[in-house]
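Here is the structure we will look at.
Numbering of residues begins at 1 and proceeds along the displayed sequence.
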Amino acid sequence: MNARRIVSAALVIAAFAFQTARADQPEIRRTDLVKEDISISGKEAVQVRVDFDPGAFVVNHRHPGEEVAYVLKGTLEYKLEGREAVTLKAGQSLFIPDGVAHSARNVGDGKASELATYIVSRNAKLVEPVK
């Protein structure tokens, strides 16, 4: 009976430690706003709001089409494959060509947000991680 209690207690402690570690990591929250077919055959427009906690980082990835990133709040650094990093503040935007691998990081002191608008292949996976 004592062995069961010890194992149960260990599992509870491990679960708490895992949740605490996750709670300490900066978060990124995506809010889907629009997803509609457009007049170009096989393409759709997708618009998403992305909110970054301080220090939050989106790993290197690509999309099946173009993206326009508009910074709503804060300061974000974008790294596009084959280019120097660019830092944008609220009110600035960036065009990301079809298939170009890129990452984004909140480099400001507070929270940051972007409005991401995509013109992509219909029903394709929107985000593809890149090593």
Side-chain angles (χ1 to χ4, degrees):
M1 198 63 147
N2 283 340
R4 263 193 207 160
R5 286 185 187 167
I6 291 171
V7 169
S8 294
L11 289 173
V12 168
I13 290 169
F16 178 75
F18 177 76
Q19 286 180 332
T20 302
R22 290 264 307 142
D24 292 343
Q25 294 180 7
E27 287 188 15
I28 295 170
R29 289 164 302 288
R30 294 176 54 96
T31 305
D32 295 333
L33 302 172
V34 174
K35 183 177 182 179
E36 291 289 332
D37 289 346
I38 61 173
S39 61
I40 301 169
S41 180
K43 298 289 184 176
E44 64 185 357
V46 178
Q47 195 167 59
V48 176
R49 179 185 173 120
V50 185
D51 296 297
F52 297 75
D53 283 348
F57 175 70
V58 176
V59 297
N60 213 27
H61 64 283
R62 74 178 93 222
H63 307 286
E66 288 80 14
E67 175 184 0
V68 177
Y70 176 79
V71 179
L72 297 167
K73 174 173 126 179
T75 306
L76 294 170
E77 178 185 75
Y78 297 88
K79 291 186 180 179
L80 277 66
E81 180 179 49
R83 299 186 191 177
E84 294 292 320
V86 61
T87 301
L88 302 179
K89 295 180 184 280
Q92 295 181 306
S93 59
L94 174 69
F95 178 78
I96 303 169
D98 180 9
V100 172
H102 58 285
S103 62
R105 179 184 304 274
N106 180 354
V107 294
D109 295 332
K111 293 186 178 195
S113 300
E114 77 169 9
L115 182 64
T117 303
Y118 309 93
I119 303 298
V120 293
S121 298
R122 183 183 310 126
N123 297 322
K125 185 176 178 184
L126 185 61
V127 178
E128 176 190 337
V130 174
K131 292 181 184 180

Point to revise | Nearest non-hydrogen partners of Ser121 and Glu44, listed with the distance | key: O-OE2, 4.0 Å
Check your understanding: Do Ile119 and Leu80 belong together in a cluster built from hydrophobic side chains that touch within less than 4.5 Å?
Key -> no
Point to revise | Side-chain donor/acceptor of His63 to backbone N/O of Leu126, under 3.5 Å | key: yes
Exercise for review: Kindly give the heavy-atom pair with the smallest separation between Leu33 and Arg49, and that separation in Å.
Suggested key: CD1-N, 3.9 Å
Exercise for review: Would you mind reporting whether Val34 and Val46 have side-chain heavy atoms less than 4.5 Å apart?
Suggested key: no
Check your understanding: Are more than 12 heavy atoms from other residues, nucleotides or ligands located less than 6.0 Å from atom NZ of Lys111?
Key -> no
Point to revise | Closest heavy-atom pair and its distance - Gly55, Arg105 | key: O-NH1, 4.1 Å
Point to revise | Heavy-atom side-chain contact between Val58 and Phe52 under 4.5 Å | key: yes
Exercise for review: State, without any angle test, whether Ser103 and Asn60 hold a side-chain donor-acceptor pair at a distance under 3.5 Å.
Suggested key: no
Check your understanding: Are His61 and His102 side-chain neighbours, meaning at least one heavy-atom pair lies under 4.5 Å?
Key -> yes
Review point. Between Leu94 and Val68, is any pair of side-chain heavy atoms under 4.5 Å apart?
Key: no
Practice item. Before accepting this row, confirm whether a basic side-chain N of the pair Asp53/Arg29 lies closer than 4.0 Å to the acidic partner's carboxylate O. Key: yes
Exercise for review: Specify the closest pair of heavy atoms between Glu66 and Asp98, including all atoms of both residues, with the distance to one decimal.
Suggested key: OE2-CB, 3.6 Å
Review point. Is there a side-chain contact between Phe95 and Ser93 (heavy atoms, below 4.5 Å)?
Key: no
Practice item. Using side-chain contact (heavy atoms from CB on, under 4.5 Å) as the criterion, point out the one residue from Val71, Val50, Val86 that pairs with Leu76. Key: Val71
Practice item. Could you grab the distance from atom CZ of Arg83 to atom CD1 of Ile96, nearest 0.5 Å is fine? Key: 8.5 Å
Practice item. Could you tell me whether the side chain of Arg62 reaches within less than 4.5 Å of the side chain of Val100, counting heavy atoms only? Key: no
Exercise for review: Side-chain contact test, heavy atoms from C-beta onward, threshold under 4.5 Å: evaluate it for Lys43 versus Tyr118 and give yes or no.
Suggested key: no
Check your understanding: If you look at every heavy atom in Pro54 and Pro26, which pair is closest and at what distance?
Key -> O-CB, 3.4 Å
Exercise for review: Please assess Thr75 against Leu88 for the test side chain to side chain contact (heavy atoms under 4.5 Å, CB included), listing each intermediate value before the final yes or no.
Suggested key: CA-CA 6 Å; Thr75 306; Leu88 302 179; over 6 Å; no
Point to revise | Hydrophobic cluster identity match, Tyr78 and Leu72, side-chain contacts under 4.5 Å | key: no
Check your understanding: Minimum heavy-atom separation for Ala85 to Lys79, with atom names?
Key -> CB-CG, 3.7 Å
Check your understanding: Hey, does Thr31 have a side-chain heavy atom less than 4.5 Å from the side chain of Val48?
Key -> no
